[in-house]
K.L.:
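Before we start, here is the structure in question, set down as structure tokens.
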Amino acid sequence: MRIAISGAGVAGAALAHWLHRTGHTPTLIEQAPKFRTGGYMIDFWGVGYQVAKRMGIEDPIRTAGYQIESLRSVGRGGETKTDLSVNIFRGMIGDDFTSLPRGDLAAAIYATIEDQVETVFGDSIATIDEQADGVRLTFDNGAPRDFDLVIGADGLHSNVRRLSFGPEETFEHYLGCKVAACVVDGYRPRDELMYVTYNTPGKQVGRFSLRDDRTMFLFIFRAEHDGAGAAPKDQLRNQFGDVGWECPDILAALDDVDELYVDVVSQIRMGRWSRDRVLLIGDAAACISLLGGEGTGLAMTEAYVLAGELVRAGGDYRRAFDAYEACLRPFIETKQAAATRFISFFATRTRLGLRFRNVALRTMNFRPLAHLFAGSVRDDFELPAYGI
């Protein structure tokens, strides 16, 4: 089938890989003018990692990744409050674990199809007209085209979801926080293979040292959803300008930042992930939230399952769509429920809560207690064997 995929990120590129591998003709449609790399740091493990192995991309992912050694929380003067060894998590989930920028993961996937799958950059779907034997798409820039299926793999703010299912606010569940991320050159100090965070009530700022003398910063703060009136950098200055630690130096470094990622921390919850010949995957269908920690791996899993169910259904897309959702929805909803509990870790509301959080983190260095948290990091899901 001819299958249009809106979005060339992790979900879209992974789906294009599996659709091409199983005999379909996917076309990626990406609003950005070129393929985007970099982005904020993600931890990559679980079923998504197993899908990556089946795609044959474990080596480039490990090469692009970082084997983080510890998570350190510091006080206002830089003193260590907690220091949690990442080996605790590796003991729970095994060695199939790495951390890397989200866009670099997408690039490793896209490299498998770059010369084999058509990608339309700098354009976006304008209308979706379902017909008896297919779907006609019009575009912001290009000429209309006909496809058999349309897949929305275009993230939290999905254009395909808006066109086919309705406005974003119908499905978005805001979790009370905003997030911002950027990369700067030459920042000091550096702590190699260590994610360093500083918390005050309702806020967290963290830094991680990247290769080539770069540093990635991640800001998380509780705020109203709209945040109207202040530019993104001004929002960060207002939130972190007087909280201590290295924040004055970090905010000064923002002056030279051209690309600042800012977004809400939200989930998408829908009664159905498909309508006729249109289906959603990844964050477009069921975003667990950026702070959930496993969205990319889940998106890759969904791409694999969708392609597998299309094979199993012999091209009967309606049967495949229903089987895809029946297979994944219980697992995804469990992940969404767990992700809502992570908010208090990143943006603890009170000073008393911060003290309890630090005590809990320190106890996690004791392996038997750490295993009490295993349910939130282990994947209770077995990948189907589709033979693809």
Side-chain angles (χ1 to χ4, degrees), residues 40-43 71-84 156-157 169 172-182 184 187 194-208 215-254 257 260-269 287-295 336-364 373 376:
Y40 55 86
M41 187 72 69
I42 61 166
D43 295 320
L71 308 175
R72 176 172 294 176
S73 178
V74 300
R76 189 180 184 94
E79 70 280 10
T80 299
K81 295 288 188 179
T82 66
D83 204 346
L84 178 61
L156 173 63
H157 307 294
E169 54 265 27
E172 181 192 9
H173 291 256
Y174 182 55
L175 300 184
C177 289
K178 289 188 175 182
V179 64
C182 65
V184 303
Y187 182 83
M194 179 184 298
Y195 185 58
V196 183
T197 65
Y198 171 65
N199 286 73
T200 61
K203 303 171 187 180
Q204 182 185 99
V205 59
R207 60 170 167 82
F208 182 76
T215 298
M216 177 178 295
F217 295 108
L218 181 68
F219 306 84
I220 303 162
F221 55 97
R222 293 187 182 269
E224 295 299 320
H225 185 284
D226 55 7
K233 289 183 181 180
D234 289 336
Q235 288 188 51
L236 295 180
R237 293 184 182 105
N238 293 337
Q239 291 284 339
F240 294 92
D242 59 355
V243 298
W245 188 50
E246 299 171 10
C247 289
D249 293 334
I250 293 172
L251 294 173
L254 289 181
V257 170
L260 176 65
Y261 169 88
V262 182
D263 208 346
V264 293
V265 178
S266 294
Q267 293 185 339
I268 296 296
R269 304 175 195 168
C287 177
I288 69 170
S289 86
L290 181 144
L291 302 183
E294 204 176 354
Q336 284 187 319
T340 60
R341 297 193 292 270
F342 293 160
I343 298 297
S344 60
F345 169 81
F346 290 103
T348 311
R349 289 186 181 276
T350 66
R351 294 194 181 282
L352 180 61
L354 283 173
R355 286 197 288 271
F356 278 119
R357 168 189 173 276
N358 290 339
V359 169
L361 286 173
R362 283 193 289 269
T363 61
M364 285 183 66
F373 296 87
S376 64

K.L.:
Within a strict 4.5 Å, meaning less than it, do heavy atoms of the Phe346 and Thr197 side chains meet?
P.N.:
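Heavy-atom side-chain distance check fails, nothing below 4.5 Å.
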K.L.:
Might you point out which heavy atoms bring Tyr174 and Ala223 nearest each other, and give the distance in Å?
P.N.:
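Distance-wise, the nearest heavy atoms are OH-O, 2.8 Å.
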K.L.:
The criterion is side-chain contact (heavy atoms from CB on, under 4.5 Å); which residues satisfy it with Lys81, sequence neighbours excluded?
P.N.:
Ser73, Glu79, Asn358
K.L.:
Is the shortest heavy-atom distance from the side chain of Pro201 to the side chain of Arg349 under 4.5 Å?
P.N.:
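They are not in contact (no side-chain heavy atoms under 4.5 Å apart), so the answer is no.
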K.L.:
Dump the intermediate steps for side-chain contact (heavy atoms from CB on, under 4.5 Å) on Val262 and Phe219, then the final yes or no.
P.N.:
CA-CA 9 Å; Val262 182; Phe219 306 84; over 6 Å; no
K.L.:
Taking it one step at a time, do Met41 and Leu218 satisfy side-chain contact (heavy atoms from CB on, under 4.5 Å)?
P.N.:
CA-CA 9 Å; Met41 187 72 69; Leu218 181 68; over 6 Å; no
K.L.:
Please report the interatomic distance NZ(Lys178) to CD(Gln235), rounded to the nearest 0.5 Å.
P.N.:
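So the gap between those two atoms works out to 4.5 Å.
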K.L.:
What pair of heavy atoms forms the shortest contact from Gly353 to Thr350, and how long is it?
P.N.:
N-OG1, 2.9 Å
K.L.:
What is the distance from atom CZ of Arg269 to atom CD of Gln336, rounded to the nearest 0.5 Å?
P.N.:
6.0 Å
K.L.:
If I compare all heavy atoms of Leu254 with all of Lys233, which pair ends up nearest, and what's the gap?
P.N.:
O-NZ, 2.8 Å
K.L.:
Parallel under 30°, tilted from 30 to 60°, perpendicular over 60°: which one fits the rings of Tyr195 and Phe208?
P.N.:
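Ring orientation, 0 to 90° scale: tilted.
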K.L.:
Would Trp245 and Val74 count as a side-chain contact (heavy atoms from CB on, under 4.5 Å) here? Give the steps.
P.N.:
CA-CA 8 Å; Trp245 188 50; Val74 300; 3.4 Å; yes
K.L.:
So, does Gln267 use its side chain to make a donor-acceptor pair with the main chain of Ile288 at under 3.5 Å?
P.N.:
yes
K.L.:
Sub-3.5 Å donor-acceptor pair from the side chain of Arg207 to the main-chain atoms of Thr215, do we have one?
P.N.:
no
K.L.:
Take Val205 and Phe221 through the test side-chain contact (heavy atoms from CB on, under 4.5 Å) and record every step on the way to the result.
P.N.:
CA-CA 9 Å; Val205 59; Phe221 55 97; over 6 Å; no
K.L.:
With sequence neighbours excluded, tell me which residues meet side-chain contact (heavy atoms from CB on, under 4.5 Å) with Ala253.
P.N.:
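Partners of Ala253 under the side-chain contact (heavy atoms from CB on, under 4.5 Å) test: Val184.
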K.L.:
For the atom pair CG (Leu156) and CD1 (Ile268), what is the distance rounded to the nearest 0.5 Å?
P.N.:
5.0 Å
K.L.:
Working to the nearest 0.5 Å, report the span between OG1 of Thr200 and CD of Gln239.
P.N.:
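Answer for the OG1-CD pair, Thr200 versus Gln239, is 9.0 Å.
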K.L.:
Quick one: list whatever passes salt bridge (charged side-chain N to carboxylate O under 4.0 Å, His left out) with Asp234, sequence neighbours left out.
P.N.:
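Asp234 satisfies salt bridge (charged side-chain N to carboxylate O under 4.0 Å, His left out) with Arg237 once adjacent residues are dropped.
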K.L.:
Look at the side chain of Arg357 and the backbone N and O of Phe345, then say whether any donor-acceptor pair between them is shorter than 3.5 Å.
P.N.:
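Yes; at least one donor-acceptor contact below 3.5 Å.
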K.L.:
How many angstroms lie between atom NE2 of His173 and atom SG of Cys287, to the nearest 0.5 angstrom?
P.N.:
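That separation rounds to 11.5 Å.
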K.L.:
Is there side-chain contact between Tyr198 and Glu246, with at least one heavy-atom pair below 4.5 Å?
P.N.:
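No, every pair of side-chain atoms sits at 4.5 Å or beyond.
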K.L.:
Using every non-hydrogen atom in the two residues, find where Ile343 and Arg222 come nearest and quote the distance to one decimal.
P.N.:
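Ile343 and Arg222 have their closest heavy atoms at CG2-NH2, 3.5 Å.
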K.L.:
Apply side-chain hydrogen bond (donor to acceptor under 3.5 Å, both in side chains) to the pair Glu172 and His225, showing each step before the final yes or no.
P.N.:
CA-CA 11 Å; Glu172 181 192 9; His225 185 284; 2.8 Å; yes
K.L.:
Is there a donor-acceptor pair under 3.5 Å between the side chain of Tyr187 and the backbone N or O of Asp249?
P.N.:
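Answer holds: no.
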K.L.:
Between CZ of Arg72 and CG of Leu361, what distance do you get to the nearest 0.5 Å?
P.N.:
13.5 Å
K.L.:
Looking at every non-hydrogen atom in both residues, tell me the closest pair between Ala347 and Ile220 and how far apart they are.
P.N.:
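Taking every non-hydrogen atom into account, CB-CG2, 4.4 Å.
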